[in-house]
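Here's the structure, in structure tokens; my notes come after.
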Amino acid sequence: MIASSRDLSDPPYQASPATGGGTDAILRRIEEMILTGEVLPGERLNELALSRRLNVSRAPLREAVRGLEQLGLLEIVPNRGVLVRQVSMKDALDLYDLRAALFRGAARLAARRALPEDLLRLRQLNEAMREAAAAERFADYYARNLDFHTALMAAGGNVPMARAYDRAVKGLHLFRRRSLVHPAQLDLSLQEHEDMISAINAHDAKAAGDAAERHIMLGRDRMLDTLDNGAPA
């Protein structure tokens, strides 16, 4: 049975009603349910209840489930059905390593390929994050942080790399639905963004790559610190 909606401290996505009964729309709606915590890791999705809830037929629903299995968000377990994937600590650390490699590569590419409007977008997003942090609007901060990373990946101009990065980020959402926000950590993250923007603006591929990789690995360390301090994962 599908769980009821749960409040999250830092919701990365906002769920919206399914639009139509096409497979892509159904896939996006279920993905939103997973990433916002409406359904939790390890939770079973009941096909009949889900089809009624989304007001869609079961054939495209099954196609959407198969697509989400390929994306690593769902798993089909014999005799248990369709489950939201659970991400272990080992899986999470592996995903951070993957993110670091991809983000480094994208930043290096961005230092060579970024257009003026790409840099403007990155600066605007970092400033929006700074304003959100000052106002303690942490959900807004988190959403703009995701936008910043997406914008940097786009500035690199490598679509397969950006898709792989997006998949790794979504996998980590299954591991960490909540985080303890420390203002000092936000300041550090903002400065790390500034370092990346400066290196990209200077067309310094090495410095941009180093800053991007360091940012992801320091983010990993901050995540581990919240777990060590008893913050909910």
Side-chain angles (χ1 to χ4, degrees), residues 8-14 28 31-32 34-36 71-73 87 92-115 117-133 137-179 181-182 185-201 205 207-224 226:
L8 302 183
S9 57
D10 292 319
Y13 298 87
Q14 179 152 3
R28 288 194 299 272
E31 179 183 78
E32 287 175 333
I34 294 168
L35 297 176
T36 57
L71 290 174
L73 294 178
V87 175
L93 294 177
D94 287 346
L95 286 170
Y96 267 106
D97 287 340
L98 176 60
R99 282 186 66 200
L102 292 170
F103 209 50
R104 178 186 183 88
R108 289 178 61 88
L109 290 173
R112 296 195 291 266
R113 299 177 178 177
L115 300 173
E117 52 264 37
D118 294 322
L119 281 163
L120 177 61
R121 174 68 172 158
L122 291 171
R123 291 190 180 104
Q124 288 174 335
L125 287 169
N126 211 41
E127 183 57 31
M129 290 171 63
R130 194 178 303 281
E131 293 174 359
R137 292 184 280 105
F138 299 124
D140 288 345
Y141 177 97
Y142 191 56
R144 298 294 76 75
N145 182 57
L146 289 173
D147 290 341
F148 181 94
H149 284 233
T150 298
L152 191 146
M153 294 302 300
N158 187 308
V159 174
M161 185 181 289
R163 287 175 178 163
Y165 186 83
D166 181 64
R167 180 171 175 174
V169 168
K170 288 173 180 174
L172 280 170
H173 282 308
L174 296 177
F175 177 75
R176 183 181 59 172
R177 299 182 312 279
R178 294 171 180 254
S179 61
V181 177
H182 293 294
Q185 292 183 346
L186 302 189
D187 290 341
L188 288 172
S189 183
L190 288 166
Q191 184 55 54
E192 291 158 18
H193 285 182
E194 291 287 355
D195 293 343
M196 284 182 273
I197 293 170
S198 296
I200 291 170
N201 186 55
D210 289 348
E213 181 178 11
R214 183 169 59 251
H215 176 60
I216 298 299
M217 300 314 286
L218 288 174
R220 178 204 63 182
D221 293 344
R222 288 189 283 266
M223 179 274 294
L224 292 172
T226 64

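Worth knowing before you read on, the calculation uses all heavy atoms, side chains too, and leaves out hydrogens, waters and symmetry mates.
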When you measure from the side chain of Ser198 to the backbone of Glu194, do you find a donor-acceptor pair of N or O atoms at a distance under 3.5 Å? yes
What's the separation between atom CG in Asn126 and atom CD in Glu131, rounded to the nearest 0.5 Å? 11.0 Å
Side chains of Phe148 and Leu190, heavy atoms from C-beta outward: is any pair under 4.5 Å? no
Point-to-point distance, once rounded to the nearest 0.5 Å, from CZ of Arg144 to OG1 of Thr150: 10.5 Å
Is a donor on one side and an acceptor on the other found under 3.5 Å between the side chain of Asn145 and the backbone of Tyr142? no
Any side-chain heavy-atom pair of Val169 and His149 under 4.5 Å: no
Nearest 0.5 angstrom please: Leu119 CG to Leu152 CG, how far? 9.5 Å
Could you check if a side-chain atom of Arg104 sits within less than 4.5 angstrom of a side-chain atom of Asp210, using non-hydrogen atoms only? yes
Starting at CD1 of Ile200, measure out to CZ of Arg123 and round the result to the nearest 0.5 Å. 9.5 Å
So how far is it from Ile197 CD1 to Arg121 CZ, rounded to the nearest 0.5 Å? 11.5 Å
Rounded to the nearest 0.5 Å, how far does OH of Tyr96 lie from CZ of Phe103? 12.5 Å
Without hydrogens or angle criteria, can the side chains of Gln191 and Asp187 be said to hold a donor-acceptor pair below 3.5 Å? no
Validation row: His173, Leu146 side chains within 4.5 angstrom (heavy atoms): yes
